[in-house]
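No hydrogens, no waters, no symmetry mates; every other heavy atom, side chains included, goes into these values.
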Amino acid sequence: MTTINKKEFFKCSIIIAIFIIINIIFRNVIGEDYFIYLSKWIDQIIDLGRINSLSVQIGNYTPPYIYFLIIGTYITTNYIFWIKFISTIFTIGIVIISYFIIREFKTDIKLSNALSILLIPSVFINSGIIGQCDSIYTFFVLIFVLLILKNKKRSALFFFGVALAFKLQAIFIAPVFLYLLLKKKIRVVDIIYIPLGFVVTMLPSIIYGRSIFDIIRIELLQSGAYSKFVKSAPNIYSLLHLNYKEIDILAKSILSILTVVLSIYIVLKNTKKVEYASKIFIEKVMLLSVMIPYFLPSMHDRYFYMASIFFYIFFVFIDNNVKNKKSMVVNLLLIFVATSLPVILYNFVEKINNEVAFISEWIGVSVISSTIMTYIVMLCFDRYLSNSNVTKILQ
C-alpha cells in the first residue's frame with residue numbers, strides 16, 4: 001500500500017488546495033444549460049411536489065440524474081451550488097477509482113499522481129465551473145474498467161448498465177465488449193447484467209408508475225435529438241467547417257454506422273493473434289473514448305470529457321513505451337487544450353454577444369481544436385496499431 005510521507009502529503013495538499021480555490025473562485029458562475037434547462041426542471045419538480053415528480057418525464061434526461069435534483073430541493077435553495085456539488089463529488093470518485101486502476105499496473109503509484117486528475121482543465125471546468133454531469137457516467141465507466149481488471153465481470157457489466165442509465169455517452173466504449181467476448185473474459189449470458197444495472201437504477205421512477213419502455217424511449221430519443229453535424233466538439237466535422245451546420249437523418253445514420261463499423265474493426269484487429277492482457281484492454285477503452293466522439297456526428301463540446309481522463313491515465317501511467325517525457329507533456333497539453341477550449345468558448349465567450357457558435361468560427365477555435373484532436377486521434381491509432389502487430393504481449 002502506498003505510504004504518504006511529508007513530501008507526498010505536501011503535493012496532495014497543494015493539488016487539493018488549487019482545486020478548492022478554483023471551485024470557490026467560480027462558485028457563482030452559471031453555465032448556459034442551467035438557464036435553458038436545469039432551472040426549469042427544478043421548478044417543475046417543485047411544482048409537482050418533489051418526490052411525486054418521479055412519475056413523469058422531467059426534461060430530456062433519464063430519471064437517475066433527476067433523483068439528485070429532487071434530493072437537492074429538500075436540502076437547499078442554492079441549486080447552482082447543489083448541482084456543482086454533485087458533479088464534484090463524482091469527480092472525486094473518479095480520482096479514487098482511477099487510483100485503483102493505475103495500481104493494477106503500477107503498485108507504487110503515489111496518491112498525488114491520481115489527484116492530479118483534478119487539475120485536468122476539462123475535468124474541473126465540467127464540474128466545478130459549468131456544473132455539467134459528465135463526471136457521473138464517467139465514474140461508473142471507470143468502475144466497469146476496474147472490475148474487469150479485477151476479473152469481476154458480472155459486477156463490471158452491472159455498473160456499465162448504471163453508467164448508461166445516467167448518460168448514453170457511456171456507449172462510446174461498448175465495442176470493447178466484442179474483445180472481451182472473444183477473449184472469453186465475459187460470456188454472452190453475462191451481458192444480461194447490463195440491462196439489469198440499467199433497470200435497477202430506474203426502480204424509483206418505475207415504482208412511481210413510469211414504464212421502463214418509456215424511459216428507454218427517452219434515452220434513445222436523445223441520440224436523435226440533435227440535427228447538427230457538430231456543436232463545438234473538436235472532431236472531424238469541425239475540421240471540415242461543419243460546426244452548427246444542419247445534417248439530415250440519412251446522412252447522420254450513415255456516418256454513425258460507418259463509425260461503429262470502423263470502431264469494431266479497430267478493436268478486433270489482430271485480436272486472435274494477441275493474447276489477452278489488461279494493458280491491451282484499457283488501451284482499447286482509451287482509443288474508443290477518443291475515436292468515437294471524433295467520428296460520430298452531432299457531438300457536443302464536452303463529449304471528450306471521458307477521453308481526456310483515459311488518455312491521461314494510459315499515456316502517463318500505463319504505457320511503458322512512452323520514453324520521451326517532453327513529448328508526453330506536449331501531447332497532454334494538446335489534448336487538454338483541444339478538450340477544454342471549445343467548452344470555454346461555448347459556455348462563456350460565445351454567450352457574451354449572444355451569438356452561439358459564430359465567435360469560435362470567426363477566430364478559428366473550432367478548426368484549431370479539431371486539428372489538435374486529429375493529431376491526438378492519429379497518435380492513439382499509431383500507438384494502438386503498433387501494439388496490435390505484436391504477436392504476444394504479456395500481462
Side-chain angles (χ1 to χ4, degrees), residues 16 19-54 56-96 117-118 120-142 162-163 165-170 201-202 204-205 218-219 222 225 231-232 300-306 308-309 339-340 342-344 346-348 350-351:
I16 293 171
F19 182 71
I20 291 173
I21 290 170
I22 290 172
N23 279 269
I24 291 174
I25 291 173
F26 294 99
R27 67 188 183 279
N28 294 322
V29 171
I30 302 175
E32 177 78 1
D33 280 1
Y34 180 80
F35 291 113
I36 298 176
Y37 305 110
L38 294 173
S39 62
K40 294 180 176 61
W41 298 354
I42 292 171
D43 289 341
Q44 189 178 356
I45 287 168
I46 295 172
D47 290 342
L48 291 169
R50 293 179 168 84
I51 194 68
N52 292 325
S53 64
L54 288 172
V56 301
Q57 178 62 35
I58 304 291
N60 63 349
Y61 274 24
T62 48
Y65 186 68
I66 303 301
Y67 303 160
F68 291 127
L69 296 184
I70 293 172
I71 292 169
T73 62
Y74 285 103
I75 296 174
T76 180
T77 57
N78 188 345
Y79 302 128
I80 287 293
F81 169 80
W82 176 253
I83 289 167
K84 292 183 178 184
F85 174 76
I86 291 298
S87 297
T88 301
I89 289 297
F90 279 96
T91 302
I92 295 169
I94 285 173
V95 170
I96 295 169
I117 291 173
L118 293 174
I120 295 176
S122 58
V123 172
F124 67 73
I125 291 172
N126 191 283
S127 56
I129 297 181
I130 62 175
Q132 286 291 351
C133 59
D134 298 273
S135 61
I136 303 177
Y137 80 86
T138 302
F139 169 75
F140 289 109
V141 168
L142 285 164
V162 175
F166 277 97
K167 267 292 192 164
L168 192 58
Q169 281 87 320
T201 313
M202 303 299 174
S205 280
I218 294 299
E219 183 128 323
Q222 287 181 6
K231 297 179 75 173
S232 296
H300 288 205
D301 56 300
R302 65 184 193 278
Y303 283 8
F304 284 90
Y305 176 91
M306 183 167 61
S308 64
I309 294 173
T339 55
S340 61
V343 177
I344 295 171
Y346 177 78
N347 283 277
F348 302 111
E350 290 175 353
K351 302 304 180 285

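Atoms CZ and CG, from R302 and N126 in turn, are 7.0 Å apart once rounded to the nearest 0.5 Å. Here the straight-line distance linking atom CG of D43 with atom OG1 of T73 works out to 11.0 Å at 0.5 Å rounding. From S135, atom OG reaches atom NZ of K167 across 11.5 Å, with rounding to the nearest 0.5 Å. The line from CG of L69 to CD1 of I45 is 4.5 Å long, rounded to the nearest 0.5 Å. Residue T88 holds its OG1 atom at 10.5 Å from CD1 of I94, rounded to the nearest 0.5 Å. With rounding to the nearest 0.5 Å, the separation of CZ in F26 from CD1 in I21 is 12.0 Å.
Remark: the backbone N or O of Y305 is not paired with any side-chain donor or acceptor of T339 at under 3.5 angstrom. Checking side-chain atoms of Q44 against main-chain N and O of I46 turns up no donor-acceptor pair under 3.5 Å. When atom types are taken as modelled, the side chain of K84 and the backbone of I130 share no donor-acceptor pair closer than 3.5 angstrom. No donor-acceptor distance shorter than 3.5 angstrom exists from the side chain of K231 to the backbone of D301, with no hydrogens or angles considered. Checking side-chain atoms of S87 against main-chain N and O of Q132 turns up a donor-acceptor pair under 3.5 Å. Checked by atom type and distance alone, the side chain of S127 pairs as donor or acceptor with a backbone atom of V123 at under 3.5 Å.
I80 and V29 get closest at one heavy-atom pair: CG2-O, 4.3 Å. Nearest heavy atoms, T201 versus P64: CG2-CG, 3.4 Å. Nearest heavy-atom pair across P204 and Y67 is CD-OH, 3.3 Å. Here the closest heavy-atom approach between residue F35 and residue K40 is recorded as O-NZ, 3.0 Å. For the pair W41 and G59, the tightest heavy-atom approach, listed with the atom from each and the gap, is NE1-CA, 3.2 Å. F166 approaches T62 most closely through the heavy-atom pair O-OG1, 3.8 Å.
A 4.5 Å side-chain heavy-atom check between T91 and F124 finds every atom pair outside the cut-off. Using a 4.5 Å heavy-atom threshold, the side chains of V141 and Q169 count as separate. A 4.5 Å side-chain heavy-atom check between I120 and I117 finds at least one atom pair inside the cut-off. No side-chain heavy atom of S122 sits under 4.5 Å from any side-chain heavy atom of V343. Residues P342 and F304 fail the side-chain proximity criterion, which asks for heavy atoms closer than 4.5 Å. R27 has its side chain within reach of I24: a pair of non-hydrogen atoms, C-beta onward, lies under 4.5 Å apart. You'll find the side chain of I83 reaches within 4.5 Å of the side chain of I42, heavy atoms only.
Relative orientation of the F90 and F139 rings is perpendicular, given thresholds of 30° and 60° on the angle between their planes. Relative orientation of the F68 and Y65 rings is perpendicular, given thresholds of 30° and 60° on the angle between their planes.
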Evaluate I86 against C133 for side-chain contact (heavy atoms from CB on, under 4.5 Å), listing each step before the verdict. CA-CA 8 Å; I86 291 298; C133 59; over 6 Å; no
